[in-house]
Structures are given as C-alpha cells and as structure tokens.
K.L.:
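Here's a structure for you.
Both backbone and side-chain heavy atoms feed into the values below; hydrogens, waters and symmetry mates do not. Counting convention: from 1, in listed order, for ligands and their atoms alike.
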Amino acid sequence: MKVFVTQAQPEPSVSDLLREHEVVTGQAGLPFSELQNLVADADAILATPPVRISRELIENAPKLKIVANGAVGTDNIDLLACKERGIPVTNTPGVLTEATADLTWALILCVARKIRAAEAVARSGRWDGWKPTDFLGMSLSGKTLGIYGLGRIGSAVARRGEAFGMRIIGMTEADSRTVFERLLSESDVLSLHCPLTEKTRNRFSTAEFQRMKTGSILINTARGGVVDTGALIEALDSGRLSGAGLDVYPEEPRIDPRLLPREDVVLLPHIGSGTVEARLAMARTASSEIRRALAGEPVVNRVV
Ligand code: GLV
C-alpha cells in the first residue's frame, strides 16, 4: 500500500517498520497541487507539523485509512474532516515529554539569566571585566512557576521547577477563571503547554498580559497561535514582561521581524522535541500506527 510521508524521518523508522509498503517522501513547502497529487492515492499519511493536512486533501484521498502525526500536537490536521470519514488520526504522546520539558527549561534559564545578551558580550571580544551590576537576571528559587496546560509536558516542566525550588501553580483549560487569574497575577515565569485549539488561539493577548506580574517571563514551547505576538511585543515594551522565550510561532517558519533584534527575547526554531532519542521514537511511533492500521489492527494513540 502507499504511504505518503510528509518529511524525511530519522531512521530506522519508516524504512524498517513500513518496508512492506510503497513509501513516498515529500518535504515542507510543496505547492498545494503537488501535495494533493501525492496524497490522492495514498493509503496512509505520516504527517508532520509544518505540512497542513487540510479537509481538501483528505476529501480527495479516497483510499486514505489513517493519518499518523509524527508529533503530539495535531493542529496541523483537520480532525473533523478525518472524523467525518472515519479515518483515525494518531499522535505521539509520551515519547517527547522529557525532551520538550528540558528545552522549556533551557529557555527559562536563558531568559531568566539574560544568557542571550551576556553570551553576545563574551563572544564579542569587548567584555571589560566583572561588574557587580552587569546582566542581573531573576533568581528562580522561591519564585512562582505557572504552567498553563498541566498535561504530560506541563507536569514534567513543573517537576523540574520543584527541583529549582520554585512554587508551582498549574492549570488545565477545564480549571476555573479564578485559577487562571491566579496563574496570571502570581506567576514569575509562565510557561505554556496547552494544545492549539479554537479555544486556546490567542489565549494570551493584551488583557491577559496586563494582568501578569510586572517583570515576569513568558515561555512558549506549545504552539505559536496560543500567543498574540503583537500583544506580547507591547507587554515587553511596557516592561510588564521582562523577557520571553519562544520555540513556536503562529505562521512558521516566519518569525515576526520585530522579535528578531530584541535582546529580551530568546528565539528557537521549534526544537522542543529535537533530541535524537525523541525524534526517532516519534518517527517509530507514527510508523507503527500506520503499520497497524494498514494491517487492519487497532491503532494505539488515537486522537479521533
Ligand atoms: C511538536 O511540536 C509536537 O507537537 O510534537
């Protein structure tokens, strides 16, 4: 059967688990018509975050039996269109939790300790020596870490926070308005770990930033669409936020050019799950789901 893999995967994954099938591999940024041709006669799609699996693609793929996302967030896939056709969509929970929590902490530490600005000076050859007043960051011990989205990744970030001596406030989208208000007003570092849905799109905008603690830090390793970038920039300009660490953006790979020169923002190119171990496990999890579905067996990590 034909499997369309949207982007080349770390191996051994596809080449091993799907060796009995015809595998066609694409790449991000293909023109829609080309993508549509590749998907039209596919029995399975191994999807990835940058390639949108739209209703139009799904409706024009009559043989499609599964969309296995090689990621945990499934906002790149039209879930409703799949559900209507009874096509299972799977994701890769669990295998990228620790890698993403580590990366989140890399951002927290970089922003809290002004690593971007300090590293630039060290590297420039213009460092003129230790000063009591240089690059003063935020001590994390005793501060409050807010977690918006207390699922697997959010909980793993919280556990690390405890090791740093932080007080934790966590919430899920089901929690009350009161918990959300506490999260905004008490967090020194607020880290986002919710999926991108119609409910969470632009969840953090002007009104939310205005209720955050002065000098607090925002970290986003979830999805760019959860944060209103313009409002974030205003919050940084006004001093409401002292810094931000971003791994994700609303229209990747575009990064709002206003963010690029800022020293108070650390920008990464969506590498939350980017370890050898996690990315291989993601590729193998998605390949295994396709292998099962094409053999007529039940899938394991079904989203719809
Ligand atoms: C990566 O961004 C993922 O959702 O797994």
K.L.:
Considering only distance and modelled atom types, tabulate donor-acceptor pairs under 3.5 Å from the side chains of residues 38-51, sequence neighbours left out.
P.N.:
{"unit_1": "Asp41", "atom_1": "OD1", "unit_2": "Lys2", "atom_2": "NZ", "d": "2.7"}
{"unit_1": "Asp43", "atom_1": "OD1", "unit_2": "Lys65", "atom_2": "NZ", "d": "2.5"}
{"unit_1": "Asp43", "atom_1": "OD2", "unit_2": "Lys2", "atom_2": "N", "d": "2.8"}
{"unit_1": "Thr48", "atom_1": "OG1", "unit_2": "Thr6", "atom_2": "OG1", "d": "2.6"}
{"unit_1": "Thr48", "atom_1": "OG1", "unit_2": "Gln7", "atom_2": "OE1", "d": "2.7"}

K.L.:
Which heavy atom of Ser13 sits nearest to which heavy atom of Arg284, and what is that distance?
P.N.:
CB-CG, 3.8 Å
K.L.:
Report the part of Leu96 (side chain from C-beta onward, or backbone N, CA, C, O) that has a heavy atom under 4.0 Å from ligand 1; answer both or neither where that applies.
P.N.:
side chain
K.L.:
List the closest protein heavy-atom neighbour of atom 4 (O) of ligand 1: residue, atom name, distance to the nearest 0.1 Å.
P.N.:
Arg223 NH2, 2.6 Å
K.L.:
Specify the protein heavy atom at minimum distance from atom 5 (O) of ligand 1: its residue, its atom name, and the distance to 0.1 Å.
P.N.:
Val72 N, 2.7 Å
K.L.:
Polar-atom distance check: Gly73 versus ligand 1, any N or O pair below 3.5 Å?
P.N.:
yes
K.L.:
Is there a side-chain contact between Tyr148 and Ser187, using heavy atoms and a 4.5 Å cut-off?
P.N.:
no
K.L.:
Return the closest protein heavy atom for atom 2 (O) of ligand 1 as residue, atom name and distance.
P.N.:
His270 NE2, 2.6 Å
K.L.:
So which bit of Glu252 gets within less than 4.0 Å of ligand 1, heavy atoms only: side chain, backbone, both or neither?
P.N.:
neither
K.L.:
In the structure I gave you, are the side-chain heavy atoms of Val248 and Glu252 within less than 4.5 Å of one another anywhere?
P.N.:
yes
K.L.:
Between Arg262 and Asp237, does the salt bridge (charged side-chain N to carboxylate O under 4.0 Å, His left out) criterion hold? Intermediate values first, please.
P.N.:
CA-CA 10 Å; Arg262 296 194 76 106; Asp237 284 342; 2.8 Å; yes
